[in-house]
**Q** 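What follows is a structure written as structure tokens; I'll ask about it next.
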Amino acid sequence: MFPNCPTFETREDDEWIEEPVTYESDAEYDDSTKEEEAKYKKLLEDSEDKLYEGCTNFSKLSFLLHLFHLNCMNHWSIESFNMLLKLILDAFPQILDFPSSFYYSKKMIKDLGLGYEKIDACPNNCMLYWGEFLEKDKCHVCGTSRWAKTKGKGGITSDQGTNTYKKGVPAKVMRYFPLIPRLKRIYMSPETVEDMRWHDTERLGEDDKKILRHPSDALTWKEFDERHRDFALDPRTVRLGLLSDGLNPYRLMNTTYSTWPVMLIPYNLPPWLCMKPSSFILSKLIPGKASLGNDIDVYLQPLVHELKLLWTGVEAFDAFEGKKFNLPADFLWTINDFPGYAMLSGLSTKGYNACPIYIDSTPSDRFGNKICYCSYRKWLPLDHPYRIQGANLCEKYGTNEWGKAPSCPSGTDIVSEQEKVEYVYGKSKAPQKKKQRGDNDNNDVQYESAFGTKRSIFFDLVYWEHNLLRHNLDVMHIEKNVSENILGTLLSMERVEIVGMIEKLLKNGE
């Protein structure tokens with residue numbers, strides 16, 4: 001099981017410095033509210049302080065942010081950044097009280113809350129060096145060293161053979177962007193506070209709420225409010241959605257790599273704001289050479305722990321009302337493609353039980369070497385004429401359909417079945433055998449359920465199993481993948497070649 005999460009510590013080589021974060025309780029956030037208010041007021045002063053007398057295009061803060069943006073986009077070194085600052089200050093002596101080095105520039109903008117935590121991970125995705133395992137040097141699951149290998153240049157020789165590992169250089173690092181400071185930052189601006197109340201204050205009436213134009217009009221949101229009435233009383237309660245997908249940062253280069261960004265969407269905002277990229281909250285960046293599969297839960301531990309804290313709420317400051325309040329948040333659903341659906345839910349999206357809604361009641365049959373999903377006429381009304389036209393529809397050997405649609409398992413049913421699954425995280429192990437007829441409970445085999453191969457980490461949230469809709473499919477993304485595969489089949493081309501051809505056509509405006 002996952003460890004308790006007592007501490008988070010920043011590393012000295014972090015590019016963005018942030019105060020150490022602990023996770024014993026929400027006290028660490030409450031004690032710093034006054035300090036955060038002071039930092040916010042200081043940021044407001046810097047944002048209004050002109051770069052120099054008569055400058056109308058930049059404030060000191062905005063100019064510094066532009067420099068850091070260029071630094072990131074063009075991969076400047078710290079030395080080159082320092083040289084540029086020296087040149088700017090020498091060429092424009094009218095610029096006063098401006099940071100003179102990279103170090104002091106970071107100190108000025110760190111109060112924006114844009115920092116992140118570096119969390120070391122096992123290269124086989126078995127565990128995070130976090131919480132009670134923070135000081136470990138070796139994975140407790142597979143025994144792999146925490147540190148990167150070196151080529152005979154000194155370091156620490158492990159007991160795994162003659163391999164040499166350099167302590168201090170981790171083999172794999174995840175970047176985690178703490179959620180709670182970012183949510184508190186949203187409520188420190190009066191304008192954004194008003195936007196976060198839009199779903200409650202700007203509706204036109206009961207008739208308007210019957211039109212589906214915002215997530216608050218959805219049955220999932222309404223059912224959640226009905227079940228948790230006390231939680232839903234305050235319109236400032238943050239409603240979050242999660243989206244994630246793998247991407248290759250090297251684009252079309254012949255390099256196999258799969259980075260997984262995880263983002264959060266605050267659905268309190270009006271519809272013209274909540275889906276803008278500027279409103280997304282980057283939660284983590286997970287590196288790797290291959291898809292994470294079921295092991296993605298290992299990297300979701302810090303986020304799930306913060307979501308647990310947010311269920312009871314943390315102290316924050318409302319700049320609109322000018323007073324403190326208890327800031328709670330809940331997690332509504334995920335958005336992903338079909339493979340991502342399986343990774344995050346723990347359910348199967350292939351084989352005989354490929355439907356993650358009906359699961360073991362998925363109507364499927366084998367035709368030759370393919371699995372087909374038939375009996376779809378069960379969902380028609382009982383008196384529908386198509387039910388007796390089996391010969392014309394050529395479905396399931398031309399039979400008529402008199403069966404009723406199966407019932408959907410509830411979240412409680414799913415978690416009770418998934419808790420029977422014993423899944424060990426990591427990719428270093430030999431494939432476990434499936435449980436065969438006659439195997440005893442003591443046999444070293446993996447219990448495989450129709451409800452998946454693992455228990456989703458999101459069921460650690462007390463309300464998750466009762467959510468009406470836990471996972472959404474990104475239809476546009478799926479359409480893109482299907483279209484690329486169809487074109488590749490018709491043109492006898494690899495998918496990478498198809499993507500390159502489409503990008504070239506779009507670039508030329510054809």
Side-chain angles (χ1 to χ4, degrees), residues 2 4-10 14 16-33 36 39-40 110-119 128 130-131 174-189 192-193 195-196 215 231 234 236-244 260-269 274 276-286 296-318 325-335 344 457-458 460-464 467:
F2 296 127
N4 295 324
C5 315
T7 58
F8 242 160
E9 292 188 8
T10 49
D14 276 354
W16 298 87
I17 300 175
E18 204 171 81
E19 297 297 327
V21 180
T22 58
Y23 285 86
E24 291 284 355
S25 68
D26 59 350
E28 70 276 11
Y29 299 106
D30 300 341
D31 296 341
S32 62
T33 303
E36 289 180 356
K39 289 179 180 179
Y40 182 70
K110 75 171 186 177
D111 294 338
L112 289 172
L114 299 176
Y116 60 81
E117 304 287 343
K118 287 184 177 180
I119 305 177
L128 293 179
W130 176 74
M174 176 187 74
R175 271 75 176 174
Y176 178 64
F177 302 78
L179 172 62
I180 293 178
R182 284 162 172 77
L183 294 183
K184 295 172 75 172
R185 178 70 66 199
I186 290 175
Y187 282 94
M188 300 191 88
S189 169
T192 54
V193 172
D195 288 335
M196 293 293 283
F231 185 85
D234 192 340
R236 294 172 294 190
T237 298
V238 182
R239 313 302 179 100
L240 296 169
L242 180 146
L243 58 90
S244 181
W260 281 78
V262 178
M263 297 187 179
L264 298 169
I265 307 171
Y267 284 116
N268 299 51
L269 297 171
C274 71
K276 277 193 172 182
S278 59
S279 300
F280 292 178
I281 301 173
L282 180 61
S283 176
K284 57 190 66 188
L285 287 173
I286 309 171
I296 194 172
D297 283 6
V298 172
Y299 299 91
L300 293 173
Q301 295 175 71
L303 174 61
V304 170
H305 191 78
E306 281 199 280
L307 289 171
K308 289 180 181 178
L309 292 178
L310 286 165
W311 178 243
T312 55
V314 296
E315 188 177 80
F317 179 75
D318 187 332
F325 74 104
N326 187 58
L327 172 62
D330 67 88
F331 177 43
L332 291 176
W333 52 57
T334 69
I335 304 174
L344 294 171
I457 191 174
F458 293 130
D460 290 350
L461 304 173
V462 295
Y463 53 85
W464 183 251
N467 283 9

**Q** Ile281 versus Leu183: any side-chain heavy-atom pair under 4.5 Å?
**A**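 Answer yes - side chains close enough.
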**Q** Search all heavy atoms of Pro181 against all heavy atoms of Glu306 and return the closest pair with its distance.
**A**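 Residues Pro181 and Glu306, closest heavy atoms: CD-OE2, 4.2 Å.
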**Q** The test is side chain to side chain contact (heavy atoms under 4.5 Å, CB included); show your working for Lys308 and Asp460 and say whether it passes.
**A** CA-CA 8 Å; Lys308 289 180 181 178; Asp460 290 350; 3.8 Å; yes
**Q** Could you walk me through whether Gln301 and Tyr176 pass the side-chain hydrogen bond (donor to acceptor under 3.5 Å, both in side chains) test, one step at a time?
**A** CA-CA 11 Å; Gln301 295 175 71; Tyr176 178 64; over 6 Å; no
**Q** Quick one, Met263 and Ile265 - any side-chain contact, counting heavy atoms below 4.5 Å?
**A**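 Sidechains of Ile265 and Met263: no contact.
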**Q** Measure the CG-CG distance between Leu344 and Leu243 for me, rounded to the nearest 0.5 Å.
**A**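 Separation between the atoms: 10.5 Å.
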**Q** To the nearest 0.5 Å, what is the distance between CG (Leu264) and OG (Ser279)?
**A**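 Spacing of CG (Leu264) from OG (Ser279) equals 13.0 Å.
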**Q** Return the set of residues passing side chain to side chain donor-acceptor pair (under 3.5 Å) with Ser283 (not counting sequence neighbours), or none when no residue passes.
**A**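 Applying side chain to side chain donor-acceptor pair (under 3.5 Å) to Ser283 gives none.
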**Q** Looking only at non-hydrogen atoms, find the nearest pair between Ile457 and Asp297 and report the distance.
**A**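 In terms of heavy atoms, the two residues are closest at N-OD2, 3.1 Å.
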**Q** Less than 4.5 Å apart, any side-chain heavy atom of Phe325 and any of Phe317?
**A**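 They are not in contact (no side-chain heavy atoms under 4.5 Å apart), so the answer is no.
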**Q** Are Tyr299 and Trp130 close enough that their ring centers fall under 6.0 Å?
**A**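 Tyr299 vs Trp130: aromatic centres not under 6.0 Å.
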**Q** Between Leu310 and Leu179, is the side chain to side chain contact (heavy atoms under 4.5 Å, CB included) condition met? List the steps.
**A** CA-CA 10 Å; Leu310 286 165; Leu179 172 62; 3.7 Å; yes
**Q** Please name the pair of heavy atoms, one in Cys274 and one in Phe280, separated by the smallest distance, quoted to 0.1 Å.
**A**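 Looking at all heavy atoms of both residues, the closest pair is O-CE2, 3.6 Å.
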**Q** Could you tell me if the side chain of Arg175 sits less than 4.5 Å from the side chain of Pro261, heavy atoms only?
**A**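 The answer is no; the side chains never approach within 4.5 Å.
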**Q** At what distance, to the nearest 0.5 angstrom, does CG of Asn467 lie from CG of Leu461?
**A**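 Between atom CG of Asn467 and atom CG of Leu461 there are 8.5 Å.
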**Q** Measure the CG-CG distance between Asn268 and Leu240 for me, rounded to the nearest 0.5 Å.
**A**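 Here the interatomic distance stands at 8.0 Å.
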**Q** Mind checking side-chain contact (heavy atoms from CB on, under 4.5 Å) for Thr237 and listing every partner two or more places apart, or none if nothing turns up?
**A**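 Here the qualifying residues are Phe231, Asp234, Arg239, Pro328, Asp330.
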**Q** Roughly how far, to the nearest 0.5 Å, is the CD1 atom of Ile180 from the NE2 atom of His305?
**A**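 Here the interatomic distance stands at 8.5 Å.
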**Q** Could you check whether the rings of Phe331 and Trp464 sit parallel, tilted or perpendicular, using 30° and 60° as the cut-offs?
**A**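 Geometry flag for Trp464 against Phe331: parallel rings.
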**Q** Please tell me if the side chains of Leu303 and Leu242 come closer than 4.5 Å, counting only heavy atoms from C-beta onward.
**A**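 When only atoms from C-beta onward are counted, Leu242 and Leu303 do touch, with a gap below 4.5 Å.
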**Q** Under 4.5 Å between any side-chain heavy atoms of Phe458 and Trp333, yes or no?
**A**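 The answer is no, as the side chains (C-beta and beyond) never meet within the 4.5 Å cut-off.
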**Q** If you take all heavy atoms of Met196 and Val238, which pair is closest and at what distance?
**A**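 For Met196 versus Val238, the nearest heavy atoms are CE-CG2, 4.0 Å.
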**Q** For the CZ atom of Arg182 and the CZ atom of Phe177, what is their distance to the nearest 0.5 Å?
**A**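 Between atom CZ of Arg182 and atom CZ of Phe177 there are 6.5 Å.
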**Q** Within the 4.5 Å heavy-atom criterion, are Met174 and Pro302 side-chain neighbours or not?
**A**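 SC-SC contact between Met174 and Pro302 confirmed.
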**Q** When you measure from the side chain of Lys184 to the backbone of Glu315, do you find a donor-acceptor pair of N or O atoms at a distance under 3.5 Å?
**A**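 Yes; judged by distance alone, with no hydrogens or angles, the pair exists.
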**Q** Does the side chain of Val298 come within less than 4.5 Å of Leu128's, by heavy atoms?
**A**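 A side-chain contact under 4.5 Å exists here.
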